[in-house]
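Below, chains carry the letters A, B, ... as their sequence lines are ordered, and counting in each starts from 1.
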2 protein chains.
Amino acid sequence: MEDLIYKKIIHDLKKRIFNNEFPSMRLPDERSLTAEYEVSRSSVKRALSSMAHQGIVFKKRGSGTFINPLYLKSQSSFNYEGTNLGITDSLKSDGKKQGIKVLDFSVIPATENMKTDLFLNEDDFVYQIRRLRLLDDEPIMIETGYIPIKIAPELSRAIVEKSIFNYLEDTRGQHVTRSFLSIQVEPSNSEDQELLGLTENEPVGVMSGIFFMDDGTPFEISNMRIHYKYMNYSTFVSLD
Amino acid sequence: MEDLIYKKIIHDLKKRIFNNEFPSMRLPDERSLTAEYEVSRSSVKRALSSMAHQGIVFKKRGSGTFINPLYLKSQSSFNYEGTNLGITDSLKSDGKKQGIKVLDFSVIPATENMKTDLFLNEDDFVYQIRRLRLLDDEPIMIETGYIPIKIAPELSRAIVEKSIFNYLEDTRGQHVTRSFLSIQVEPSNSEDQELLGLTENEPVGVMSGIFFMDDGTPFEISNMRIHYKYMNYSTFVSLD
DNA sequence: TTATAAAATTGATGCGGTCCAATTTTAAAA
DNA sequence: TTTTAAAATTGGACCGCATCAATTTTATAA
């Protein structure tokens with residue numbers, strides 16, 4: 001548990017919500033929470049705002065703060081608590097066995113697109129990493145990633161066989177916490193069909209995007225072609 | 001333009017970013033902005049946090065706040081400015097002609113799932129609304145929605161032929177600003193193929209979810225089967 | 001010149017407060 | 001009893017301050 005006050009409040013309120021301490025679905029008002037936790041109202045507000053943003057609660061001026069009934073039902077999608085974005089962490093909780101089969105590990109010159117997206121110079125090179133991801137020995141996605149060599153010059157096939165993001169976290173203390181993602185749908189091509197065991201009219205989900213490190217440095221361009229049965233992206237969307 | 005200070009700051013900073021007033025990609029530090037805009041530092045921080053959350057900038061403690069190079073490149077995905085979630089608003093900017101063909105408009109008893117998700121009682125009824133959405137006369141998605149009659153008892157086929165969310169906004173001043181969304185991929189079924197003009201091995205994207213009003217009241221369960229060529233969901237993901 | 005240490009810069013967290021606006025509750029009036 | 005008006009409740013916006021931690025810059029020493 002972090003030692004930040006507002007995170008402690010969030011953590012505690014989540015626990016109390018699941019303990020069914022608020023059967024009316026209404027949280028105590030901000031001023032009471034301020035007294036109860038013996039913190040400033042700002043900290044309480046910060047905690048509640050964050051929870052509202054995550055879709056855990058709804059705030060209604062003049063009335064109170066209320067628990068989203070859906071939060072109690074489908075906690076899984078609300079409770080992403082990894083320190084990294086990326087596949088390894090997101091599949092962790094399922095209790096299933098993850099596998100990675102490296103299809104390609106090479107170095108190529110950056111294309112124009114890569115230069116823009118990864119913020120590279122004229123003669124920069126990138127790793128090209130193609131991997132087949134397995135879940136309980138079933139192939140679930142083909143992942144193609146491009147990482148600037150100058151960001152991780154010591155990358156090796158051995159590292160790539162495990163989680164690249166976790167490696168970065170362990171050795172550099174850097175986390176990959178942000179990503180700009182695009183989700184699309186395509187019929188499977190012959191390679192998809194072969195590697196993922198799909199028939200001709202079984203499609204793939206395509207998730208492509210750029211992953212950033214904490215400080216905003218673009219770290220990787222990634223393209224994932226996902227077996228349609230394993231494709232499930234859930235999110236809480238909120239304007240403002 | 002809203003009259004909230006932090007929103008004005010966001011608006012102005014966005015403008016200045018596009019005006020290329022920060023060629024170093026670095027924004028002025030928070031204390032300078034505080035002086036420049038003659039507001040409190042809290043307001044500046046609020047604006048910058050929001051922009052960081054949207055992926056417009058990255059903040060780096062001890063160093064400064066930096067513009068995400070991608071923001072300059074692909075503003076479109078960053079600049080959603082509708083007042084409602086939902087299709088009508090998201091397709092608006094493209095300058096293409098929207099069409100709606102109502103396939104079904106009926107009232108049915110709520111199923112168990114609907115009762116939980118829409119917070120309904122034993123004998124509540126819902127509208128079942130099936131619509132085919134067109135873009136420039138091309139069919140792009142089959143949308144099936146369920147709305148509790150008690151929330152919108154005066155709904156009519158005429159309203160349903162246009163935007164339901166906009167109707168709600170105009171008559172009730174309520175906005176649909178939140179949604180819990182799931183994205184999946186499926187092979188097209190025969191109805192998809194017929195209505196969307198797909199062949200057997202052309203798939204659909206499936207977006208299903210619950211839409212909430214400002215105050216957290218669940219308003220609609222929706223299921224959208226989208227022509228794969230028109231399926232494109234972009235988002236900025238950020239842990240914390 | 002290079003390496004090291006101190007100082008300045010810059011965002012992060014937290015406190016406490018004022019005033020406001022939407023809503024609900026209570027009291028008063030019809 | 002019902003309607004209406006006042007009061008209390010509750011979250012929203014904003015201000016200003018103190019202190020901290022990461023980073024960069026500057027000054028000092030080797």
Side-chain angles (χ1 to χ4, degrees), chain A residues 1-11 13 22 24-53 56-68 172-175 177-178 213-217 238-240, chain B residues 1-11 13 22 24-53 56-68 172-175 177-178 213-217 238-240:
Chain A
M1 174 83 287
E2 295 242 22
D3 57 349
L4 300 184
I5 288 189
Y6 77 93
K7 293 207 176 181
K8 279 196 276 194
I9 297 177
I10 293 177
H11 186 260
L13 284 178
F22 311 112
S24 65
M25 301 301 272
R26 185 181 175 285
L27 298 188
D29 68 277
E30 296 182 350
R31 287 154 178 100
S32 305
L33 289 173
T34 297
E36 194 178 333
Y37 288 110
E38 294 180 292
V39 298
S40 72
R41 186 161 168 221
S42 329
S43 300
V44 170
K45 284 192 91 65
R46 189 164 180 182
L48 293 180
S49 303
S50 171
M51 291 171 79
H53 212 87
I56 299 174
V57 299
F58 289 94
K59 301 202 279 182
K60 201 178 175 188
R61 162 144 69 164
S63 182
T65 302
F66 301 87
I67 300 166
N68 181 353
R172 208 84 60 78
Q174 287 258 36
H175 293 186
T177 54
R178 278 155 240 258
M213 299 190 287
D214 285 336
D215 61 0
T217 312
S238 168
L239 294 185
D240 42 59
Chain B
M1 177 81 281
E2 295 244 22
D3 58 347
L4 300 185
I5 289 187
Y6 76 95
K7 293 208 175 178
K8 279 196 277 195
I9 297 177
I10 293 177
H11 187 259
L13 284 177
F22 312 113
S24 65
M25 302 300 274
R26 184 180 175 287
L27 298 189
D29 69 279
E30 294 182 351
R31 286 154 178 99
S32 305
L33 289 172
T34 298
E36 194 178 332
Y37 287 111
E38 293 180 293
V39 298
S40 73
R41 186 155 170 224
S42 327
S43 298
V44 171
K45 285 193 91 62
R46 189 166 179 183
L48 293 181
S49 304
S50 170
M51 292 172 78
H53 212 87
I56 299 174
V57 299
F58 289 94
K59 302 202 279 183
K60 202 178 174 188
R61 164 144 72 170
S63 181
T65 302
F66 301 87
I67 300 166
N68 181 353
R172 208 84 59 80
Q174 288 257 35
H175 292 187
T177 54
R178 277 156 241 256
M213 298 191 287
D214 286 337
D215 62 359
T217 313
S238 168
L239 295 185
D240 45 56

Next on the checklist: Under 3.5 Å, is there any donor-acceptor pair linking the side chain of B:R41 to the base of C:dG11?
Outcome noted: yes
Item to check | Check: D:dG11 base within 3.5 Å donor-acceptor of A:R31 side chain | outcome: yes
Nearest whole angstrom, please: distance from the [atom2] of [N] to the [atom1] of [X].
X	N	atom1	atom2	answer
B:L48	C:dT10	CG	P	13 Å
A:D29	C:dT25	CG	P	13 Å
B:M51	C:dG11	CE	P	13 Å
A:R26	C:dT23	CZ	C1'	11 Å
A:L4	C:dC15	CG	P	11 Å
A:L27	D:dT10	CG	C1'	13 Å
A:R46	C:dG16	CZ	C1'	16 Å
B:D215	C:dT23	CG	P	9 Å

Whether [X] contacts [N] is assessed here as follows: a side-chain N or O lying under 4.0 Å from the phosphate OP1 or OP2. Is that the case?
X	N	value
A:T65	D:dG11	yes
B:K45	C:dG11	no
B:R61	C:dT13	no
A:S40	C:dC15	yes

Item to check | Nearest-nucleotide pick for A:K59, side chain only, options being C:dG14, D:dC15, D:dG11 | outcome: D:dG11
Next on the checklist: Quick check for you: among C:dG14, D:dG12, D:dC15, whose closest atom lies nearest to any side-chain atom of A:E30?
Outcome noted: D:dG12
Checklist entry - So, the side chain of A:T34 versus the backbone of A:E30: is there a donor-acceptor pair under 3.5 Å, distance only? => result yes
Next on the checklist: Strictly distance-based, threshold 3.5 Å: is any side-chain N or O of A:R26 a donor or acceptor partner for the main-chain N or O of A:S63?
Outcome noted: yes
Checklist entry - Using a cut-off of 4.0 Å on non-hydrogen atoms, how would the nucleic acid contact of A:S43 be classed: base, sugar-phosphate, or nothing? => result sugar-phosphate
Checklist entry - With a 4.0 Å cut-off on heavy atoms, is A:K60 in touch with a base, just the backbone sugar-phosphate, or nothing at all? => result sugar-phosphate
Next on the checklist: Closest-nucleotide mapping onto DNA chain C: is B:S63 or B:S42 further toward the 5' terminus? I mean the 5' end.
Outcome noted: B:S63
Next on the checklist: Any donor-acceptor pair under 3.5 Å linking the side-chain atoms of A:K45 with those of A:S40?
Outcome noted: no
Next on the checklist: Please evaluate residues A:N68 and A:F58 with respect to the criterion side-chain contact (heavy atoms from CB on, under 4.5 Å), reporting the C-alpha separation (whole Å), side-chain torsions for both, the decisive distance (0.1 Å), and the verdict.
Outcome noted: CA-CA 6 Å; A:N68 181 353; A:F58 289 94; 3.5 Å; yes
Item to check | A:F22 and A:T65: CA distance, side-chain angles, deciding distance, side-chain contact (heavy atoms from CB on, under 4.5 Å) verdict | outcome: CA-CA 11 Å; A:F22 311 112; A:T65 302; over 6 Å; no
